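Accompanying notes for the structure given below.
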Amino acid sequence: MGTPRLVGASSRIHLFASSTAWIEDAAVRQLEQLADRRGMRAVAGMPDLHPGHHGPVGCAAEAEGSVHADIVGTDIGCGMQFWSLDIPERKLRLDKAAERLWTLEGHWSGNAEARLEEDLPTEGLDVSPFAGALGTIGGGNHFCEVQAVVEIVDSDAASAAGLEMGSIGLLVHSGSRGFGAAVLARHYHAGTEGLPLEGGGLAYLRDHDRALAYARLNRQVIAERAMASLRTEGVLRLDVPHNLAERKGSRILHRKGAAPSDRGLVPVPGSRGAVTYLVAPLEAPSEALCSIAHGAGRKHDRASMERRVRTSAGDLERLARNPFGGRVICTDRQLLIEEAPDAYKDIHKVIADLEAMNLVQVVAILRPVVTFKTARQIRRIEPRNGWKDKR
DNA sequence: ATGTGC
């Protein structure tokens with residue numbers, strides 16, 4: 001059994017990763033910077049920890065009396081939503097399904113305003129400028145993925161999530177689109193001091209809760225669009241945000257790329273070329289801050305992927321398939337490369353660390369069948385000779 | 001991450 005590593009001289013930072021885990025020094029330094037912030041009582045790093053633009057991804061941080069909105073970041077409420085679909089694996093036609101999912105591209109034709117009014121808390125920042133983005137996946141690491149069960153480890157827990165061998169699931173990873181960014185912009189300007197709970201913190205949390213609801217509804221509408229296109233129905237089984245702040249009395253628990261461990265089962269995806277683990281969080285030591293990993297975590301930054309991935313026509317074609325014979329729909333060449341499976345850590349290793357730390361038990365394992373990222377046709381402006389200098 | 005930026 002593993003025990004969390006203490007980081008630095010501080011007894012407030014615990015890293016729940018084995019000594020052989022792929023963790024960059026830069027990410028550990030970012031954890032230390034988090035711990036130095038106002039009111040910070042404890043910081044927990046997960047095995048998917050990696051450096052982020054403004055702070056570490058794959059961590060939880062608990063502060064007394066202060067809300068640090070920038071830790072949660074722009075994509076407030078980003079997370080995973082899992083559905084079990086009515087269609088069995090034997091009836092799913094790969095090419096047909098891949099073709100049909102193209103309908104996820106572009107705007108949703110439904111009544112976004114009505115759905116938002118129905119689902120969001122009433123008080124808070126005006127959401128109407130962002131109604132048009134409801135039901136859209138967005139960019140970066142977001143996706144909508146049809147999955148097939150490859151292994152059932154705990155059949156009781158799996159069947160409670162609607163899964164047995166031969167079942168098809170749908171996993172949606174998306175967030176609050178522009179709305180979460182607008183919430184952050186409204187409450188966060190610069191610096192690392194944080195907001196006193198009574199001096200701006202509560203106002204942030206009110207808007208944050210709306211962004212949380214937007215993100216959840218966004219995932220749901222994406223799933224509804226996907227199911228309609230696949231001519232099937234399904235049951236919403238899990239919705240697990242991993243970018244959020246949670247008030248616990250006078251303390252604020254911030255999670256950035258960390259899934260809550262106190263709300264039931266959690267889907268932990270690898271990459272578009274790797275399996276997703278469905279896990280049951282276990283009763284954990286308080287140092288884990290009620291959190292587990294949210295995925296495999298990045299191994300390589302986006303910028304370095306261009307040189308890491310060979311990009312001849314054949315290689316690009318290979319990136320549009322996964323090792324299980326499934327399909328990847330991503331017409332954006334840049335995104336295809338940045339999100340290559342090689343960019344991510346080994347999900348088996350991340351899960352093994354979580355198991356060794358006694359944080360989770362595996363319930364089921366699913367493989368990607370079709371991963372939809374984007375079908376947008378990019379307008380590419382080819383630079384002409386001297387284009388840059390001419391102005 | 002981003003109604004994705006000058």
Side-chain angles (χ1 to χ4, degrees), chain A residues 27 30 48 50-59 68-81 104-109 112-113 116 125-144 172-189 204 207-208 210-212 214-219 221-222 241-245 254-259 269 271-272 294-298 300-303 305 330-339 343-344 373-381 383-384 387-391:
Chain A
Q30 286 184 331
D48 56 340
H50 63 91
H53 218 78
H54 295 107
V57 180
C59 68
H68 296 271
D70 60 312
I71 293 179
V72 175
T74 55
D75 199 2
I76 300 164
C78 181
M80 303 289 168
Q81 187 173 100
L104 285 174
E105 187 54 44
H107 290 277
W108 177 49
S109 58
E113 286 82 1
L116 286 164
L125 184 64
D126 180 19
V127 76
S128 57
F130 308 96
L134 190 72
T136 62
I137 293 171
N141 54 4
H142 292 170
F143 61 80
C144 174
V172 179
H173 177 203
S174 189
S176 50
R177 310 294 275 107
F179 184 56
V183 169
L184 183 66
R186 185 188 197 185
H187 296 275
Y188 172 79
H189 301 293
Y204 163 76
D207 288 342
H208 158 284
R210 291 195 101 203
L212 220 59
Y214 182 110
R216 181 193 159 99
L217 179 61
N218 186 38
R219 290 186 284 271
V221 173
I222 292 165
H242 50 235
N243 291 347
L244 70 160
H254 310 77
R255 293 191 184 89
K256 174 64 169 184
S271 71
R272 68 183 192 220
H294 78 312
R298 264 198 173 273
H300 302 302
D301 64 90
R302 294 180 178 281
M305 287 311 293
C330 182
T331 53
D332 182 336
R333 179 189 175 278
Q334 181 84 6
L335 197 55
L336 191 66
I337 290 164
E338 287 177 358
E339 290 291 315
Y344 287 87
K373 289 188 71 67
T374 181
R376 187 174 153 206
Q377 298 304 313
I378 314 275
R379 190 166 51 93
R380 197 165 283 286
I381 303 163
R384 291 185 291 267
W387 179 76
K388 274 215 157 143
D389 308 320
K390 253 183 202 165
R391 72 178 335 273

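So you know, we letter chains A, B, ... as the sequences are listed, proteins then strands, and number each from 1. Model, not experiment: these values are computed from the prediction.
Legend: residues meeting ring pair (Phe, Tyr, Trp, His ring centres under 6.0 Å) with A:His242, ordered by chain and number and at least two apart, are A:His173, A:His294. Remark: A:Thr374 engages A:Glu105, A:Cys330, A:Thr331, A:Asp332, A:Leu335, A:Arg376 in a side-chain contact (heavy atoms from CB on, under 4.5 Å) (not counting sequence neighbours). Not counting sequence neighbours, the partners of A:Glu113 by the side-chain contact (heavy atoms from CB on, under 4.5 Å) test are A:Asn111, A:Ala131. For A:Phe130, the ring pair (Phe, Tyr, Trp, His ring centres under 6.0 Å) partners at least two apart in sequence or on another chain are A:Phe179.
For residues 178-188 of chain A, the salt bridge (Lys or Arg N to Asp or Glu O under 4.0 Å) pairs, not counting sequence neighbours, are A:Arg186-A:Asp207.
Residue contacts shown for A:Gly73 are absent, as no nucleic acid heavy atom lies under 4.0 Å away. As judged by a 4.0 angstrom heavy-atom cut-off over every strand, A:Gly180 is placed among residues making no nucleic acid contact. The residue A:Gly139 sits close only to the backbone: its heavy atoms come under 4.0 Å of sugar-phosphate atoms, none of a base.
In the 5' to 3' direction, nucleotides of DNA chain B lying under 4.0 Å from heavy atoms of chain A begin and end at B:dA1 to B:dT4.
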